[in-house]
Number of protein chains: 2
Amino acid sequence: MSVLVLGTVAIDNVKTPFGHRKNMLGGSAAHFAMAARLFTKVNLVAVIGEDFPKKYIHFLRSKGINLTSLKMGRGKTFRWHGEYKKEDLSTALTLATELGVLSDFIPDVAHHQRYIPNIFLANIDPDIQLGLLDVIKAPRMVGVDSMNLWINHKKKSLLRLLKKADLFVANEGEARLLSKENNLIKAAKFLRQLGPRLIIIKKGEHGVLFYSDRIKFCFPAYPIEKVIDPTGAGDTFAGGLMGFLSKVKTLNEQNLKKAVLYATTIASFNVEHFGMIRTSRLTLSAVHKRMRELRRFISH
Amino acid sequence: MSVLVLGTVAIDNVKTPFGHRKNMLGGSAAHFAMAARLFTKVNLVAVIGEDFPKKYIHFLRSKGINLTSLKMGRGKTFRWHGEYKKEDLSTALTLATELGVLSDFIPDVAHHQRYIPNIFLANIDPDIQLGLLDVIKAPRMVGVDSMNLWINHKKKSLLRLLKKADLFVANEGEARLLSKENNLIKAAKFLRQLGPRLIIIKKGEHGVLFYSDRIKFCFPAYPIEKVIDPTGAGDTFAGGLMGFLSKVKTLNEQNLKKAVLYATTIASFNVEHFGMIRTSRLTLSAVHKRMRELRRFISH
């Protein structure tokens, strides 16, 4: 069963203590796709500008990602310039954002793609996420990611969206901001009340908390000594998660735990190099090798 | 095999969002003892002042803690006044410290106690820790805890001490301060080079990282929704850890993991009530019940 992901495809300039990379392929949907492709067919719904490098189109296609609903808008591709400081490699400082074609993006989903059962609404304006959901026919599972910007400025739309979601993936800061709870278990409970029956709170290097009515668990992250560029780690996590879940029959405890372990493992590769350099070269066998190490690291 | 712990016995005034408690029994050695007693005979080496309430002597004794080397000095008992704010319940703000008898404390260890195999040097001036170690005859395992104050002001003594230690228990902040590494794996590696072959970095609600040359693992904390008073959680953790390890024959992976799970579980009880209210009433059967839940929470 394939996955449809809505989100951004971006051109990123990123500066970290380990270097400065310009004009990299980035964006929430692109990072998601690069992970989910390891498990299933990924259908991308996004917009690019007229300046979008052809080589990135070829690159995405060469990874088996379906670009039928990747639209080219009039204007420039969405751009993000960010920096990570040595003192806190986990927090991105946004230096500049150029919305470009994103500012009036209305997703165009090819008719046959509207029947895809697994939908992930990666980080993008919640009104665009709601718009996409309206054309989807019979989703089996709808996952949502968001960010502080939308929690602060488009809360009503985000809350409307969460009512329709099955899965909400938030990082620690977003979970606290939305719930106004410092304690993450309380925050997770609050988010559960907003609608989604599956809540995942990502804690960066500290791992993941999973919360649902009947199933609760927590795993640490795979320990990475040299974090080069964490951009897209959350999207990569979501891609690994949804990719695996799209292949399982039931969302039981065993499958949910396995999905979170896959997601954690794949995200750990993402941060080891700039942009998608590491994840785009990743194979499932490398993932399995590291996942065995992770299992050993957290076994008791 | 019994445990000898050197540290503080204090009178604490603590304010948290859930209340204000005055003149509670506190201190690193007392919290340690309250956890370690669940596994083994605990011998306390500490100093109290002439104002120390008799009821606390009876209380400690009633918990089976050996007070032979609990010395009464001239002057007042060490006092700590601390506060935890709603925004960050994990960080103690020290409002006042009155050293009292601690300022010229020289530990007096009864002769027969010098042959105790398991030694824990809980948080106290590293020169006092070094002094105690000098009179110990044939330690099997020496554990050390410290704090930012000593890392900043008594680094030389602390480094001398760590050369003689087998186990170093540090929290995230202390590990980063001492190693000047932000990444906790790198920090753990650095601490290992200072001497102790077993490194434990406590990450509060995010759990624990264990690091040694051959064995590395990571567990999340048991999730507590309502943290009332985290004072002494680290000492309680160390007490559970050393208490269990003092009973095992070999420090293999299985035993180390079990020790950390015990320590995590017992520390989770500590934060649920003020001071030692919860841990002093704790039984091993309550610990085992919660440890089963913790195992389930982190199983994969």
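First the proteins, then the strands, lettered A, B, ... as listed; each starts at 1.
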Determine whether more than 12 heavy atoms belonging to other residues, nucleotides or ligands lie under 6.0 Å from atom NZ of Lys154(A).
yes
Residue Lys258(B) versus chain A: region with a heavy atom under 4.5 Å:
neither
Between Phe219(B) and His300(A), how do the two ring planes meet: parallel, tilted or perpendicular, split at 30° and 60°?
perpendicular
Taking side chain as C-beta onward, heavy atoms only, is Lys203(B) less than 4.5 Å from Glu205(A)?
no
Would you mind checking which part of Arg296(B) comes under 4.5 Å of any heavy atom in chain A, side chain (CB onward), backbone (N, CA, C, O), both or neither?
both
Between Lys86(A) and Asn182(B) the two heavy atoms that sit nearest each other are O-ND2, 4.3 Å
Check each atom of Ser90(A) against the heavy atoms of chain B and say whether the ones under 4.5 Å are side chain, backbone, both or neither.
neither
Is a side-chain N or O of Asn183(A) found less than 3.5 angstrom from the main chain of Lys226(B), in a donor-acceptor match?
no
Is the number of heavy atoms from other residues, nucleotides or ligands within 6.0 Å of NZ (Lys15(A)) greater than 12?
no
Which bit of Ile215(B) comes within less than 4.5 Å of chain A, counting heavy atoms only: side chain, backbone, both or neither?
neither
Please indicate whether Arg281(A) has more than 12 foreign heavy atoms, meaning atoms of other residues, nucleotides or ligands, lying under 6.0 Å from its CZ.
no
Is it the backbone or the side chain of Leu261(B) that comes under 4.5 Å from a heavy atom of chain A, or both, or neither?
side chain
Taking everything shown except Gln254(A) itself, do over 12 heavy atoms lie less than 6.0 Å from its CD?
no
For the CZ atom of Phe297(B) and the CG atom of Leu209(A), what is their distance to the nearest 0.5 Å?
5.0 Å
Under a 4.0 Å threshold between the charged nitrogen and the carboxylate oxygen, would Glu293(B) count as salt-bridged to Lys216(A)?
no
Chain A: which of Glu253(B), Glu181(B), Arg176(B) shares the most heavy-atom pairs with it under 4.5 Å?
Glu253(B)
